Amino acid sequence: MAAAGVRTAHSEVVDSPAIIDEALDRFGPTWVVKDDGLAAGKGVVVTTDRDAARDHAAEIIENGHPVLLESFLDGPEVSLFCLVDGETVVPLLPAQDHKRVGDGDVGPNTGGMGAYTPLPWLPEGAVEQIVDEVVKPVAAELVRRGCGFSGLLYAGLAMGEEGPAVVEFNCRFGDPETQAVLALLESPLGEVLGAVANGTLAQLPPLQWRDGAAVTVVLAAEYYPASPRTGDVISGATATMSSMPVRSAGMTARSCRPEVVC
Ligand code: GLY
């Protein structure tokens, strides 16, 4: 990102309990403490509580992973999924993901508890700005390095006063934003993905979108994300809730109405 001139957080790797405190002094509040290893979307703690930040960092190191401390990026978050084929970039609709487990944006961070699209509050031209200032420069930098990317680049961004800054990149669709975004896609998904795979994305006609908005609500097991209780029966799903991802493989969702998707 630095080579591509893309705004992102300042970061430091901490791999010993002895230096956690001095490293925390250089950041926060607010502290952003990340598990620098696979953590199933649950490795990030964003907190103004120094003890909570310290405890999370110590636990990560105890589990054998380095800790990534990052400066806090202010501004509302946006997820923008982009089809990328070398230097060709085609954005999907922007979405917003809500990551705290509880209603009212409280509790631990999760992989995402709900998402919606489009974003009526996003200024006009913001998607083009993200494409021009973030995704295209990164795609071009990868091509320049001889490892051009072909696929779906998920840019997680904070829309700060200075413009979009990258919180995260993933080379996959995001959950739960995808359920909302694809619900509004009218162009055939197979053709769209086929164009990426065949290297013909530049020739793809503009994507067609349905009018309106789409929302995903995640139904999670009690005590998710720390230690989800398994075996509970889901009740109360109505016919209008036609696509509810359930974030616990152990939940007894199949005993519910068939429209609940596990
Ligand atoms: N929505 C967060 C993720 O898919 O990583």
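Ligands are counted one by one from 1 in listed order, and the atoms in each one are counted from 1 as well. Bear in mind that the values here come from a model prediction, so they are computed numbers and not experimental data.
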### Task
Examine the side chains of H65 and D36 and answer whether a donor and an acceptor come within less than 3.5 Å of each other.
no
Any nitrogen or oxygen of [X], side chain or backbone, less than 3.5 Å from one on ligand 1?
| X | answer |
| --- | --- |
| K99 | no |
| D175 | yes |
| F173 | no |

Which atoms from ligand 1 have a heavy atom of [X] less than 4.0 Å away?
| X | answer |
| --- | --- |
| E177 | 1 (N) |
| G174 | 4 (O) |
| D97 | 1 (N), 2 (C) |

### Query
How would you list, by chain and number, every residue that makes a side-chain contact (heavy atoms from CB on, under 4.5 Å) with E70, sequence neighbours excluded?
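Partners of E70 under the side-chain contact (heavy atoms from CB on, under 4.5 Å) test: A9, S11, V32, K34, L68.
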### Task
Kindly give the heavy-atom pair with the smallest separation between D85 and T200, and that separation in Å.
OD2-N, 3.5 Å
#### Entry: Which residues share a salt bridge (charged side-chain N to carboxylate O under 4.0 Å, His left out) with D21, sequence neighbours left out
R50, R54
### Query
Are the charged groups of R26 and E12 less than 4.0 angstrom apart, N to O?
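So R26 pairs with E12 through a salt bridge.
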### Query
Are any of the heavy atoms in G112 under 4.0 Å away from ligand 1?
no
### Task
State the CD-CG distance between E162 and D74, to the nearest 0.5 angstrom.
11.0 Å
### Query
Among protein heavy atoms, which sits nearest to atom 5 (O) of ligand 1, and what does the distance come to when rounded to 0.1 Å?
R172 NH2, 2.7 Å
